[in-house]
Number of protein chains: 2
Amino acid sequence: MREATLRDVARLAGVSPRTVSNVVNGYAPVTEATRAKVEKAIAELDYRPNVVARNLARGRSGQIAVVVPYLDTPYFSELLQGIIPRARAGGYNVLVDQTDGDPEHERELIRRRARGFAFDGLIFSPLGLAQRDLADADPTLPLVVLGERSAAGSFDHVGIDDVAASREATAHLISLGRRRIAAIGDQPYPTGEAAQLRTTGFRQAHLDAALEVDEALVIGTPRFNRADGAGAMRRLLNRSDPPDAVFCYSDLVALGALHAALERGVRVPEDVALIGYDDIEEGRYSNPTISTVSPDKEAIAATAVERLLMRIGLGRGTEGVAGVEVRAAHRLVARESTLGRAAR
Amino acid sequence: MREATLRDVARLAGVSPRTVSNVVNGYAPVTEATRAKVEKAIAELDYRPNVVARNLARGRSGQIAVVVPYLDTPYFSELLQGIIPRARAGGYNVLVDQTDGDPEHERELIRRRARGFAFDGLIFSPLGLAQRDLADADPTLPLVVLGERSAAGSFDHVGIDDVAASREATAHLISLGRRRIAAIGDQPYPTGEAAQLRTTGFRQAHLDAALEVDEALVIGTPRFNRADGAGAMRRLLNRSDPPDAVFCYSDLVALGALHAALERGVRVPEDVALIGYDDIEEGRYSNPTISTVSPDKEAIAATAVERLLMRIGLGRGTEGVAGVEVRAAHRLVARESTLGRAAR
DNA sequence: TTGAAAGCGCTAACAC
DNA sequence: GTGTTAGCGCTTTCAA
């Protein structure tokens with residue numbers, strides 16, 4: 001049996017489609033009597049508005065897209081979890097996609113709203129894509145980029161102060177008396193813009209303490225995942241002069257590094273202290289627990305959605321609006337991987 | 001400036017909308033010359049088809065929804081990661097939502113496609129919702145349910161054999177000489193249908209070995225997460241006669257239990273062996289690594305998408321088609337949390 | 001307060 | 001092969 005349409009309801013209720021539409025959307029004032037009639041007809045026919053038709057008529061899709069490099073990265077799933085309910089509260093459904101960090105996929109997504117992927121706005125966490133590539137993005141697309149801004153543009157940025165946070169994390173290691181500090185996660189320009197900010201903070205902390213950075217201890221990794229963290233750590237431990245502390249550019253990297261250390265019988269933090277970045281739940285349950293930089297994810301999710309909906313609300317007028325950079329709060333969370341069991 | 005429409009392209013190319021549509025969709029044979037003209041016009045106007053309009057005309061949304069209880073549960077994010085590319089390959093975009101295990105939210109979603117949430121089919125992982133509630137689901141909705149089937153219906157199920165898998169996991173602990181085996185994760189009917197299957201397998205393994213189940217060691221938890229796992233483990237360790245092994249109904253539960261054990265100085269697996277369920281990546285990097293039941297997630301994702309698209313293809317005819325139960329493969333993966341470091 | 005009617009942009013049956 | 005045209009189901013301007 002065919003789905004009931006608004007027309008069917010109108011016919012049954014003996015009113016015009018216009019009136020039904022008014023009732024359904026709570027628009028113009030409708031007589032109580034009329035409303036009752038219409039609602040009765042709606043119930044009788046089990047009528048549900050066709051969203052696709054509505055969107056076509058309204059000239060919007062009622063959806064936003066959230067695109068991240070990897071969905072199985074806890075940081076992103078935690079963020080997504082914060083974004084979805086807020087978007088729904090704002091009347092939007094959420095399309096999700098991952099790019100695997102593929103620059104082509106990312107570019108395609110931005111340059112021209114990807115084929116067949118209909119959305120009114122986009123929350124985007126670029127990875128393989130240099131931020132300046134966003135510059136020639138479709139300027140009519142409401143866009144919020146996650147991560148610190150590295151280039152101006154007509155879109156918004158939401159992120160924490162990576163340089164400051166990294167500096168604090170490194171300073172924490174230094175304050176514990178560590179002197180040979182490694183960094184795992186550096187990435188070359190232009191892909192690794194976020195990574196480079198962290199490296200900058202790492203260097204600043206050394207400067208602050210009048211310490212030299214041993215360049216051999218700055219290890220690049222293609223991804224911020226457990227496997228790469230473990231691999232980098234193994235290389236560090238193979239050295240004749242291994243580090244006594246490591247600043248990892250993500251908790252996943254730190255967890256991988258931890259695994260590699262314990263596997264070799266290297267004690268954490270006695271032999272080597274470890275600090276991560278992101279404050280994912282996993283780091284609160286690992287053994288030892290992982291010290292980390294904790295970004296205010298709730299604020300990031302909330303701000304990203306808020307800014308995006310605002311831009312969507314502006315309509316095509318978005319084009320003129322300059323990009324805003326929003327800095328969410330962060331804090332250092334010291335746990336066992338730097339303080340030791342004594343922390344308990 | 002207004003977006004170019006198909007009509008604009010037709011006008012510029014000097015052909016009819018019909019022809020442009022043909023070119024865009026690669027339908028009917030089109031002369032090379034015409035095609036070239038049309039493509040030139042498309043490029044010139046930077047034309048992109050309006051997906052919403054297309055969907056309305058085609059009477060579909062081109063989207064499927066994936067609904068899980070919690071997005072930040074690694075098992076679900078890993079699954080989602082397998083589902084999304086496959087759905088896109090099949091021409092569908094993926095809407096994602098989480099229910100927080102709220103039965104009302106789940107029911108609403110099924111009973112009548114949720115307001116404003118447009119999708120042609122649904123992959124659904126119920127939690128708070130008893131499977132028999134799915135019975136009075138909209139029978140015209142193409143639906144694939146994740147998890148083992150506990151009731152018949154007109155929709156498909158994709159999952160592993162939970163009873164058998166749980167039996168194997170428990171048998172593994174028994175084969176290691178453990179005799180006081182606890183289970184963490186049981187849940188009351190009707191919410192915890194999946195949990196109860198695992199409890200059944202747990203009991204069967206005891207029967208097989210002519211062992212008694214100590215009912216005091218079967219611990220219920222509201223959720224399958226780290227915190228609940230840790231809490232349950234603490235209670236077990238508080239007993240005068242703690243278990244020498246624990247079958248945890250998810251890896252997250254096992255990771256929480258592990259944390260609680262180590263926190264007390266209880267050795268794993270020497271004092272208590274631990275086995276989980278799901279084989280999430282985290283369990284391969286924890287210290288010790290977690291033994292687990294590994295479901296073939298790729299197969300689950302692939303089958304779920306495949307069955308769903310098949311049902312969507314059937315159109316309204318879906319109604320008659322009986323539900324199919326697909327059993328994906330699983331295997332036991334023994335790691336350090338049962339075998340000890342020697343496993344390396 | 002409600003009705004009539006013109007689209008929203010695309011598809012596809014039907015003709016030529 | 002290509003054009004004509006009538007919808008898809010809803011919104012919304014303009015009248016009444």
Side-chain angles (χ1 to χ4, degrees), chain A residues 1-39 41-42 45-63 91 113 115-120 315-316, chain B residues 1-39 41-42 45-63 91 113 115-120 315-316:
Chain A
M1 193 199 66
R2 202 177 103 269
E3 291 273 299
T5 74
L6 182 143
R7 218 184 207 79
D8 299 330
V9 175
R11 206 172 299 132
L12 179 60
V15 301
S16 83
R18 168 66 210 254
T19 304
V20 179
S21 179
N22 281 344
V23 171
V24 171
N25 297 294
Y27 276 168
V30 180
T31 326
E32 254 324 308
T34 323
R35 166 184 310 284
K37 263 195 310 190
V38 171
E39 272 167 355
I42 287 180
L45 295 173
D46 188 28
Y47 167 72
R48 283 159 288 173
N50 178 319
V51 194
V52 178
R54 167 180 296 171
N55 289 338
L56 176 59
R58 285 188 180 160
R60 39 160 268 174
S61 72
Q63 303 183 145
R113 311 173 189 214
R115 262 188 82 73
F117 204 46
F119 48 83
D120 299 329
R316 296 271 172 258
Chain B
M1 194 200 67
R2 202 178 102 269
E3 291 274 300
T5 73
L6 183 142
R7 220 183 205 77
D8 298 330
V9 175
R11 206 172 300 131
L12 179 60
V15 300
S16 81
R18 169 68 209 255
T19 304
V20 178
S21 179
N22 281 344
V23 170
V24 171
N25 297 294
Y27 277 169
V30 180
T31 326
E32 254 325 306
T34 322
R35 168 184 308 285
K37 263 196 308 192
V38 171
E39 273 168 355
I42 288 180
L45 295 173
D46 189 25
Y47 166 73
R48 282 158 290 173
N50 177 319
V51 194
V52 178
R54 166 181 297 171
N55 289 337
L56 175 59
R58 285 189 180 158
R60 39 161 268 175
S61 71
Q63 302 182 147
R113 310 174 188 213
R115 260 188 85 72
F117 203 47
F119 48 81
D120 300 328
R316 296 273 170 256

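Values reported hereafter were calculated over all heavy atoms of this structure, with side chains retained and with hydrogens, waters and symmetry mates removed. Sequence lines set the chain letters: A, B, ... in the order given, protein chains first and strands last, and positions in each chain run from 1.
Distance N25(A) CG to dT11(D) C1': 8 Å, rounded to the nearest Å. Rounded to an integer number of Å, the gap from R7(A) CZ to dC10(D) C1' is 10 Å. Atom CZ of R60(B) is separated from atom P of dG7(D) by 23 Å (rounded to the nearest Å). Distance, E3(A) CD to dG9(D) C1': 12 Å, rounded to whole Å. The separation between R48(B) atom CZ and dC10(C) atom P is 12 Å, rounded to whole Å. Rounded to an integer number of Å, the gap from Y47(A) OH to dG9(D) C1' is 7 Å. Protein atom CG of D8(A) is 11 Å distant from nucleotide atom P of dC8(D), rounded to whole Å. Between L6(B) atom CG and dG3(D) atom C1' there is a gap of 13 Å when expressed in whole angstrom units.
Checking P17(B) against R58(B), the closest nucleotide of DNA chain D that is more toward the 5' end is the one next to P17(B). Comparing A57(A) and A53(B) by the nucleotide of DNA chain D whose heavy atom lies nearest to each, the residue mapping closer to the 5' end is A53(B).
Within the structure, every side-chain polar atom (N or O) of N22(A) is placed at least 4.0 Å from both OP1 and OP2 of dT1(C). Note on R54(B): a side-chain N or O is less than 4.0 Å away from OP1 or OP2 of dT11(C). The shortest distance between the side-chain N/O atoms of T34(B) and the OP1/OP2 oxygens of dG1(D) is not below 4.0 Å. Using a 4.0 Å cut-off, no side-chain N or O of S16(B) falls inside it from OP1 or OP2 of dT2(D). Note on N55(A): every side-chain N or O is 4.0 Å or more away from OP1 and OP2 of dC10(D). Not one side-chain nitrogen or oxygen of T5(B) sits closer than 4.0 Å to the OP1 or OP2 atom of dC8(C).
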Stepwise, does the side chain to side chain contact (heavy atoms under 4.5 Å, CB included) test hold for T19(B) with K37(B)? CA-CA 11 Å; T19(B) 304; K37(B) 263 196 308 192; over 6 Å; no
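Among the atoms of the strands shown, only primed sugar atoms or phosphate atoms (P, OP1, OP2) are found under 4.0 Å from some heavy atom of V15(B).
Of the candidate nucleotides dT11(C), dT1(C), dT11(D), dT11(D) has the atom lying nearest to any side-chain atom of S21(A). Side-chain proximity of L56(B) to dC8(D), dT2(C), dT11(C): nearest is dC8(D).
Of all non-hydrogen atoms in D120(B) and G62(B), the two that sit nearest each other are OD2-N, 2.7 Å. Annotation for Q63(A) and A118(A): closest pair NE2-O, 3.2 Å, computed over non-hydrogen atoms.
Side-chain atoms of E3(A) never come within 3.5 Å of backbone atoms of R48(A) as a donor-acceptor pair (strictly under, hydrogens ignored). Panel note: side chain D8(B), backbone T5(B); a donor-acceptor pair is recorded below 3.5 Å. Put simply, the side chain of S16(B) gets close to the backbone of R18(B): a donor and an acceptor are under 3.5 Å apart.
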Give every pair of a protein N or O atom and an N or O atom of nucleotides 14-16 of chain C that lie under 3.5 Å apart, one pair per line with the distance.
| residue | atom | partner | partner atom | Å |
| --- | --- | --- | --- | --- |
| dC14(C) | N4 | R18(B) | NH1 | 3.4 |

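Taking the side chain as every heavy atom from C-beta outward, T34(A) and V23(A) never approach each other to under 4.5 Å.
The CG atom of N50(B) lies 6.0 Å from the CG atom of L56(A); values are rounded to the nearest 0.5 Å.
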